[in-house]
Amino acid sequence: QVQLVESGGGLVQAGGSLKLSCAASEGTFSSYAVAWFRQASGKGREFVEAISPSGSLTSYADSVKGRFTISKDDAKNTVYLQMNNLKPEDTAVYYCAANVEGYVATTPVRYDTWGQGTQVTVSS
């Protein structure tokens, strides 16, 4: 079973940027849909952004529109989340998840495999 490993989280001031990475241990993202979710303390898991296997289709939450961008590099078997103009309300643990059937979805139950998460903290 493919394993996902996130990296790139950290502490940043409001208005700053971070780039998260999600690397697959095996297989290839060229056949998976991959999404980023986040979970703030005491809250449920929230959809952030997703990308289709081909990279031609993306879906994003209104809360990150114009600030976050998902992309993929199949040669590196890695999906990225570029986060700009970060706000304190973006503070959460960020998870990447893969749908091995290739469907872009916004609900967690549609994703088969999850990473361990990476903490993003935005200070005001």
Side-chain angles (χ1 to χ4, degrees):
Q1 183 178 357
V2 64
Q3 293 183 328
L4 306 178
V5 179
E6 301 99 333
S7 61
L11 173 64
V12 64
Q13 289 188 332
S17 298
L18 283 175
K19 186 174 185 177
L20 305 183
S21 299
C22 173
S25 62
E26 61 184 52
T28 173
F29 278 147
S30 64
S31 60
Y32 300 161
V34 179
W36 288 94
F37 288 82
R38 65 187 181 185
Q39 188 164 15
S41 180
K43 296 188 178 181
R45 198 158 292 190
E46 175 191 19
F47 171 76
V48 177
E49 200 154 354
I51 191 165
S52 64
S54 67
S56 62
L57 174 66
T58 61
S59 178
Y60 53 84
D62 288 342
S63 59
V64 304
K65 181 180 179 181
R67 301 189 298 123
F68 291 11
T69 304
I70 192 170
S71 62
K72 64 200 306 266
D73 185 336
D74 289 337
K76 295 183 178 180
N77 231 15
T78 301
V79 171
Y80 304 98
L81 185 67
Q82 177 67 48
M83 305 186 296
N84 298 327
N85 190 22
L86 282 160
K87 304 176 181 180
E89 52 264 42
D90 294 320
T91 295
V93 177
Y94 283 70
Y95 299 89
C96 68
N99 179 314
V100 299
E101 294 182 345
Y103 298 121
V104 172
T106 62
T107 54
V109 295
R110 296 294 302 274
Y111 290 86
D112 316 283
T113 303
W114 292 79
Q116 82 289 349
T118 185
Q119 177 70 47
V120 171
T121 302
V122 184
S123 63
S124 57

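Values below: every heavy atom of this structure, side chains too, minus hydrogens, waters and symmetry copies.
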Between [X] and [Y], is any pair of side-chain heavy atoms under 4.5 Å apart?
{"X": "V48", "Y": "M83", "result": "no"}
{"X": "Q39", "Y": "P108", "result": "no"}
{"X": "T106", "Y": "S59", "result": "yes"}
{"X": "F68", "Y": "L18", "result": "no"}
{"X": "R38", "Y": "D90", "result": "yes"}
{"X": "E89", "Y": "S63", "result": "no"}

Main chain of [Y], side chain of [X]: is a donor-acceptor contact present, judged purely on distance under 3.5 Å?
{"X": "K72", "Y": "P53", "value": "yes"}
{"X": "S56", "Y": "S54", "value": "no"}
{"X": "E6", "Y": "Q116", "value": "yes"}
{"X": "T78", "Y": "A23", "value": "no"}
{"X": "N85", "Y": "R67", "value": "no"}
{"X": "D74", "Y": "N77", "value": "no"}

Got a sec: does the [atom1] of [X] have more than 12 other heavy atoms crowding it under 6.0 Å?
{"X": "Q3", "atom1": "CD", "answer": "no"}
{"X": "R45", "atom1": "CZ", "answer": "yes"}
{"X": "Y60", "atom1": "OH", "answer": "no"}

Applying the 4.5 Å side-chain criterion to the ILVMFWY set and letting contacts propagate, would [X] and [Y] be lumped into a single cluster?
{"X": "Y95", "Y": "L20", "value": "no"}
{"X": "Y111", "Y": "V2", "value": "no"}
{"X": "V12", "Y": "Y94", "value": "yes"}

What distance do [X] atom [atom1] and [Y] atom [atom2] have between them, rounded to the nearest 0.5 Å?
{"X": "L57", "Y": "I51", "atom1": "CG", "atom2": "CD1", "value": "8.5 Å"}
{"X": "K87", "Y": "S124", "atom1": "NZ", "atom2": "OG", "value": "14.0 Å"}
{"X": "W36", "Y": "Y80", "atom1": "CH2", "atom2": "OH", "value": "10.5 Å"}
{"X": "S31", "Y": "N99", "atom1": "OG", "atom2": "CG", "value": "10.0 Å"}
{"X": "I70", "Y": "Q82", "atom1": "CD1", "atom2": "CD", "value": "12.0 Å"}
{"X": "Y32", "Y": "L4", "atom1": "OH", "atom2": "CG", "value": "8.5 Å"}

Are Q119 and T91 close enough, and set up right, to give a side-chain contact (heavy atoms from CB on, under 4.5 Å), and what steps lead you there? CA-CA 8 Å; Q119 177 70 47; T91 295; 4.0 Å; yes
Mind checking what makes ring pair (Phe, Tyr, Trp, His ring centres under 6.0 Å) contact with F47, not counting sequence neighbours? F37
Distance-minimising heavy-atom pair for A105 and A50: O-CB, 4.2 Å
